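Since the structure comes first, as structure tokens, the remarks are kept for the end.
FYI, the numbering just counts along the sequence from 1. The figures that follow rest on heavy atoms only: side chains count, while hydrogens, waters and symmetry mates do not. None of the values given here were measured: they were computed from a predicted structure.
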Amino acid sequence: MKQWISIAKKYYVFLFALIISILSVNGWSLWLDESSTAFLANSQDFHNFINTLMNWTGSESQMPGFVLSEFVWVKLFGDSEYALRSINIVFVVLLLLYLVSLFNRKTIEVRDKSIIKIYVVLSFLSPFIIYNMNEARVNIALYVFGSLCLSSLLAYCKYGYLKDWILCLICLVIGSSFNLLFFVIVIPMLIIATSYNKRFILDHCKSIGLCVVFLALIGIYYLYTLINGSGGQKEKPGIINIAYTIYEFTGYGGVCLPKNELRTGGDIFGSFKPYILPSALLSISYICIIFSYIKAKCNTRPLVLLIVSLVSFFIISFIGNFRFWSRHLLMIYPIYIYFVAYAIYEIWENKKNMRWTVIFYISILLFGSIRIMTLDCYKKENVKYAIEYCNRYNQNNNNTIYYFGFPKLADYYHLSNYVDCCSKNDNITKESSGLMLFHNSMIVYYTNGQYKGLNPLMDKEIFSTEIIWEDKDSKLLKFYPKSFSAN
């Protein structure tokens with residue numbers, strides 16, 4: 001018993017991270033992108049999986065390593081919402097195992113051990129990480145392999161263990177196979193390596209050359225997907241994308257407006273009022289930490305590394321015409337966490353009169369993470385319940401259901417007798433009638449004129465509508481031409 005207590009005392013931070021990561025995953029409804037993951041993972045066999053992936057035009061074709069992992073995972077543990085997302089726990093365990101091994105090394109300085117512990121706490125108190133833990137997407141894998149690449153490289157540069165360098169290269173290759181965007185991490189890696197040794201590349205040319213061969217093979221595949229027209233949103237990013245990235249990186253996503261409210265628009269400033277106090281407190285804590293960091297005259301390398309990494313990604317996105325969101329930068333997020341962890345360590349050790357700012361900051365992050373984990377307003381649309389309700393209502397009526405949503409979600413949740421009105425714009429005619437199920441997040445999409453077909457929700461002169469059921473996420477209506485009478 002004493003031995004277990006001793007182990008718990010020594011590794012309590014890592015145990016805390018593991019517990020939080022497990023609690024962050026649940027069986028809440030899938031959303032659009034997760035349904036694509038589920039579709040690919042449910043391929044009948046490996047041959048079918050490869051054929052589907054090679055002809056896929058969505059962004060999933062540019063995360064082959066991840067969807068392959070999910071394919072294997074689903075064959076072992078099923079395709080429930082929890083099963084699809086629980087693979088994130090495995091990725092987290094890989095990260096924690098390596099950080100524990102670093103922490104246990106006798107040659108590691110006490111200072112670096114403290115930064116490792118702070119890094120782990122910040123990672124798993126981050127509302128941004130907590131939110132993404134509950135997604136069957138590549139996001140957490142990007143963060144984990146990004147963390148492994150950067151931490152193993154830093155360890156190698158400072159302490160010279162060859163196994164750290166080998167791990168760094170392996171994680172770079174695996175991470176790059178998991179997502180095309182992971183290649184961006186090469187920039188901060190080069191900065192770290194050359195800041196310790198200007199001849200680093202020349203001194204390691206053989207191992208780097210071998211790694212480049214593997215990366216080139218992965219790159220050929222990605223080139224094929226780009227030529228094939230695959231990928232994410234191909235449009236210029238704007239200041240909104242940069243602002244939203246900062247919003248989520250810094251934890252405001254857990255103490256301020258939920259993502260769904262930001263996405264659907266509406267009275268943003270009016271909705272912001274209940275969040276003024278926690279947002280102000282988080283802002284004050286950041287101001288105090290940054291002020292203390294500057295006043296302590298700390299090493300500026302972590303800050304420079306963060307700025308260069310973010311600016312590089314933004315420039316590449318603008319040149320490549322890629323409209324990014326915060327989740328696309330999760331391979332860079334470890335640099336942000338490293339910077340904050342370094343700043344907190346310096347403040348705690350050298351500015352003892354400012355320790356309250358650290359406690360204050362950690363408390364607000366905890367508050368935001370608890371909100372993310374417990375409040376429905378921070379969860380994705382409950383498509384699962386909407387479809388289940390629709391099926392129950394329609395089981396005796398056999399109406400055609402015109403679905404303004406995501407076809408793969410409709411298939412995953414077995415929506416009966418439905419017509420896809422999202423990808424096919426001509427399924428509704430002036431004589432159509434039946435049920436219409438749509439999700440509130442899609443309203444902006446349709447009202448902006450991107451939907452070209454008839455829409456009972458908007459075409460008031462043609463159709464009469466009757467609300468059958470609605471909640472904050474979805475709405476089920478009965479509609480019929482005005483020339484008809486209601487049944």
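Put simply, the side chain of Ser29 reaches to within 4.5 Å of the side chain of Tyr413, judged on heavy atoms. When side chains are defined from C-beta on, Trp28 counts as touching Asp376, because their heavy atoms get closer than 4.5 Å. Side-chain contact check for Ile387 versus Tyr412: every heavy-atom pair is 4.5 Å or farther apart. Phe406 has its side chain out of reach of Trp31: every pair of non-hydrogen atoms, C-beta onward, lies at least 4.5 Å apart. The shortest side-chain heavy-atom distance between Leu257 and Tyr247 falls under the 4.5 Å cut-off. With contacts defined as side-chain heavy-atom distances shorter than 4.5 Å, the pair Ile347/Tyr361 does not qualify. In this structure the side chain of Phe249 reaches within 4.5 angstrom of the side chain of Leu310, judged on heavy atoms. Within the 4.5 Å cutoff, the side chain of Phe77 has no heavy atoms near those of the Tyr82 side chain.
The aromatic ring centres of Phe324 and Phe314 sit less than 6.0 Å apart.
Of the candidates Asn391, Asn394, Asn398, Ser416 forms a side chain to side chain donor-acceptor pair (under 3.5 Å) with just one, namely Asn391. Among the candidates Tyr143, Tyr333, Tyr338, the single residue satisfying the side chain to side chain donor-acceptor pair (under 3.5 Å) test with Ser123 is Tyr143.
Side chains of Asn139 and Glu135: a donor-acceptor N/O pair is present below 3.5 angstrom, by distance only. Side-chain contact annotation: Ser151 with Tyr119, donor-acceptor N/O pair under 3.5 Å absent. Between the side chains of Asp411 and Tyr418, a donor-acceptor pair is found at a separation under 3.5 Å. No side-chain donor-acceptor contact under 3.5 Å links Asn417 and Asn399.
The neighbour count for Gln395 CD, taken as heavy atoms of other residues, nucleotides or ligands under 6.0 Å away, is above 12. The number of heavy-atom neighbours closer than 6.0 Å to OH of Tyr224, taken from other residues, nucleotides and ligands shown, is above 12. Within a 6.0 Å sphere centred on CD1 of Ile240, heavy atoms belonging to other residues, nucleotides or ligands number 12 at most.
Ile335 approaches Pro302 most closely through the heavy-atom pair CG2-O, 4.5 Å. Summarising the geometry of Cys390 relative to Ile401, their closest heavy-atom pair is SG-CD1, 3.4 Å, with the distance given to 0.1 Å. In plain terms, the two heavy atoms of Glu60 and Leu53 that are nearest each other are O-CD1, 3.8 Å. Nearest approach of Val120 to Ala17, heavy atoms of both residues: CG1-CB, 3.5 Å. Counting all heavy atoms, side chain and backbone alike, Ser69 lies closest to Gly65 at OG-O, 2.9 Å. Between Ile372 and Gly253, the shortest heavy-atom distance links the atoms CD1-O, 3.7 Å.
Interatomic distance, His47 NE2 to Thr52 OG1, rounded to the nearest 0.5 Å: 10.0 Å. Atom CD1 in Ile246 sits 7.0 Å away from atom CD1 in Ile242 (nearest 0.5 Å). Annotation: the span from Phe438 atom CZ to Lys475 atom NZ amounts to 4.5 Å, rounded to 0.5 Å. Between Ile129 atom CD1 and Ile20 atom CD1 the span is 13.0 Å, to the nearest 0.5 Å. With rounding to the nearest 0.5 angstrom, the OG atom of Ser285 is 12.5 Å from the CD1 atom of Ile359. In this structure, the separation between CZ on Phe145 and CG on Leu172 is 11.5 Å, given to the nearest 0.5 Å.
Using a 4.0 Å cut-off between charged nitrogen and carboxylate oxygen, Glu34 and Arg85 count as a salt-bridge pair.
Under the side-chain hydrogen bond (donor to acceptor under 3.5 Å, both in side chains) criterion, the residue pairs touching residues 70-80 are Asn42-Asp79, Trp73-Ser86, with sequence neighbours excluded.
Between the side chain of Lys408 and the main chain of Leu32, no donor-acceptor pair closer than 3.5 Å is present. Checked by atom type and distance alone, the side chain of Ser369 pairs as donor or acceptor with a backbone atom of Leu125 at under 3.5 Å.
By the 30° and 60° cut-offs, the orientation of the rings of Tyr403 relative to His439 is perpendicular. The aromatic rings of Phe479 and Phe463 sit perpendicular to each other, their planes meeting at more than 60°, with 30° as the lower class boundary. In this structure, Tyr389 and Tyr385 have tilted ring planes: the angle between them lies in the 30° to 60° band.
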